[in-house]
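Written below as structure tokens is the structure these notes are about.
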Amino acid sequence: MNYKNITIAGSGVLGYQIAFQSAFHGFHVTVYDINDDVLEKAKAKFNILSEAFKKDLNASQQQIDQAGQNLSYTSNLAEAVKDADLLIEAVPENPAIKTDFYTKLAKVAPEKTVFATNSSTLLPSQFAESTGRPSKFLALHFANNIWIHNTAEIMGHDTTDPKVFEDVVEFAKAIGMLALPLHKEQPGYILNSLLVPLLSAATRLLVTEVADPQTIDKTWMKATGAPAGPFGILDVVGITTAYNIDKMAAEKTQDELKIKTANYLKEHFIDKNKLGVSTGEGFYKYPNPAYKDPEFLK
Ligand code: NAD
């Protein structure tokens, strides 16, 4: 892997974190977004992430300054990608937006540029054709708060070049990630293939009145040694995400239990703005949720 220049498309929640993380690890990073106003908002996040890197990773001011020097910004796509070795796409999770983006990108990117999507739920094969370079296209999926939850799932599609795949694995390691290669396409990658069924089983036990959230979490924590149970995890992920997944499934399948689950989450959490850690309350109250109290498992 001899990548030097990285372009990040989309400077939202994940895009900016990936840009900062890559710049912090010495890559030259160009941040691209649809207009300069959005880019100004992205720049404003530099100080917030700097503080987080200092607090959580003991980063020095010198390292932060260097990261700042490694970052540049543009709303001109051709300019953004003109010397990119790797472009990481973090535009909204909407197939039409992504397809349109890749179609435009394909016209202006140099031949050498590898494209990687950070999509959480869409498969790379869905966009491979619109990239105009299927063999140089794959998924590189990060988790929110990338500097602490430093996983990178790497997933190709049928015709991704194995050398490109290996290079992206190396790049992920080079920016401090735990690289997690998948051997084939899988919706939800590894993490969500495990997590989504766990979380929906937990809400099913709750909605069907089998047990209360604390008892369900205690069971999982004590029996497996996990530091949090499914409801503690749901508060971190955000109850809105679980609600949206259940609501979509309910609308699609008209399954009675899914409808009941979506209604339950709406009534008890969404309508009350109890969305989890982000609003200070979900299944638990923050900053000191009961499940972190040593007494919880006694
Ligand atoms: P976001 O809404 O915070 O940011 C999206 C950014 O893309 C915005 O800045 C927007 O202006 C920009 N954008 C819109 N259209 C664009 C275009 N045509 N070209 C360039 N930029 C464009 O979204 P996000 O949460 O950062 O998610 C981005 C991607 O990352 C999605 O595919 C999502 O599935 C994935 N992801 C998100 C998370 C998460 O926790 N938020 C975690 C892992 C992966």
Side-chain angles (χ1 to χ4, degrees), residues 6-22 29-46 48-49 52 71 73-81 84 87-109 115-124 126-127 130-131 137-155 172 175 177-178 180 182 186-193 195-196 199 233-245 248 275-278:
I6 312 297
T7 299
I8 310 294
S11 63
V13 175
L14 254 281
Y16 197 73
Q17 292 179 18
I18 303 166
F20 192 100
Q21 181 81 21
S22 305
V29 178
T30 305
V31 182
Y32 164 76
D33 210 307
I34 39 175
N35 63 47
D36 292 335
D37 288 346
V38 185
L39 286 173
E40 286 306 317
K41 286 191 192 128
K43 281 181 203 169
K45 290 189 274 191
F46 183 83
I48 299 169
L49 278 187
L71 280 163
Y73 303 81
T74 177
S75 57
N76 177 322
L77 184 57
E79 178 67 24
V81 77
L87 174 138
I88 303 172
E89 170 269 305
V91 310
E93 191 73 345
N94 172 318
I97 295 179
K98 290 203 195 279
T99 304
D100 179 62
F101 171 74
Y102 283 120
T103 308
K104 288 181 178 140
L105 175 67
K107 292 190 182 123
V108 293
F115 301 167
T117 179
N118 180 45
S119 173
S120 295
T121 61
L122 305 164
L123 293 171
Q126 191 174 343
F127 306 106
S130 59
T131 67
F137 177 57
L138 75 179
L140 171 59
H141 180 238
F142 297 93
N144 196 11
N145 295 346
I146 168 173
W147 66 98
I148 337 174
H149 300 148
N150 57 330
T151 56
E153 294 180 282
I154 298 118
M155 181 172 83
I175 60 164
M177 296 292 114
L178 175 65
L180 305 163
L182 277 75
Q186 165 66 36
Y189 303 82
I190 297 171
L191 177 60
N192 284 334
S193 298
L195 193 55
V196 174
L199 300 184
I233 297 174
L234 262 174
D235 277 352
V236 175
V237 171
I239 298 173
T240 311
T241 304
Y243 170 66
N244 286 337
I245 293 173
M248 267 195 292
L275 306 181
V277 180
S278 65

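In listed order, ligands and their atoms are each counted from 1.
Using modelled atom types, one side-chain atom of K45 and one backbone atom of S11 make a donor-acceptor pair closer than 3.5 Å. In terms of modelled atom types and a separation under 3.5 Å, the side chain of E153 and the main chain of L191 share a donor-acceptor contact.
In terms of protein heavy-atom proximity, atom 40 (O) of ligand 1 is closest to N144 CB, 3.5 Å. Scanning all protein heavy atoms for the shortest distance to atom 2 (O) of ligand 1 gives P92 CG, 4.7 Å. Scanning all protein heavy atoms for the shortest distance to atom 18 (N) of ligand 1 gives I34 CG2, 3.9 Å.
A 4.5 Å side-chain heavy-atom check between E89 and L87 finds at least one atom pair inside the cut-off. Looking at I175 and F142, their side chains come closer than 4.5 Å, going by heavy atoms from C-beta outward. Between T30 and I6, the closest side-chain pair of non-hydrogen atoms is not below 4.5 Å.
Here's the thing with Y32: none of its N/O atoms is less than 3.5 angstrom from an N/O atom of ligand 1. Considering both main-chain and side-chain atoms, E93 comes within under 3.5 Å of ligand 1 through a nitrogen or oxygen pair.
The contact set between ligand 1 and H141, taken as ligand atoms under 4.0 Å from a residue heavy atom, comprises 43 (C), 44 (C). Short contacts between ligand 1 and V38, defined as distances under 4.0 Å to a heavy atom of the residue, involve ligand atoms 9 (O), 11 (O). Here is the list of ligand 1 atoms found below 4.0 Å of a heavy atom in F101: 19 (N).
Of the listed residues (A90, S120, S119), the one carrying the non-hydrogen atom nearest atom 5 (C) of ligand 1 is A90. When the heavy atoms of G12, G10, G15 are ranked by distance to atom 4 (O) of ligand 1, first place goes to G12. Summarising the contacts of atom 10 (C) of ligand 1 with L140, D33, L39, the nearest heavy atom is found in D33. Distances from atom 29 (C) of ligand 1 to the heavy atoms of V91, L14, L122 show the closest one on V91. If you check each of L105, I8, N118 against atom 35 (C) of ligand 1, the one with the closest non-hydrogen atom is N118.
Distance remark: protein heavy atom not present below 4.0 angstrom from atom 23 (O) of ligand 1.
Distances shorter than 4.0 angstrom occur between a heavy atom of K98 and an atom of ligand 1. In this structure, A9 falls outside the shell of residues with a heavy atom less than 4.0 angstrom from ligand 1.
When all heavy atoms of L105 and V81 are compared, the closest pair comes out as CD1-CG2, 3.9 Å.
Using a 4.0 Å cut-off between heavy atoms, V13 contacts ligand 1 through both its backbone and its side chain. By the criterion of a heavy-atom distance under 4.0 Å, the backbone of F142, and not its side chain, is placed next to ligand 1.
A cation-pi arrangement is present between K43 and Y73, with the terminal nitrogen or guanidinium carbon under 6.0 Å from the aromatic centre and inside a 45° cone about the axis.
For the residue pair H141/S119, the side-chain donor-acceptor check at 3.5 Å is not satisfied. At a cut-off of 3.5 Å, with distance as the only test, a side-chain donor of T121 or E93 sits close to an acceptor on the other residue.
With respect to the salt-bridge test (charged N to carboxylate O, under 4.0 angstrom), the residues K41 and D37 do not qualify.
Taking the six-membered ring for Trp, F127 and F137 have ring centres at least 6.0 Å apart.
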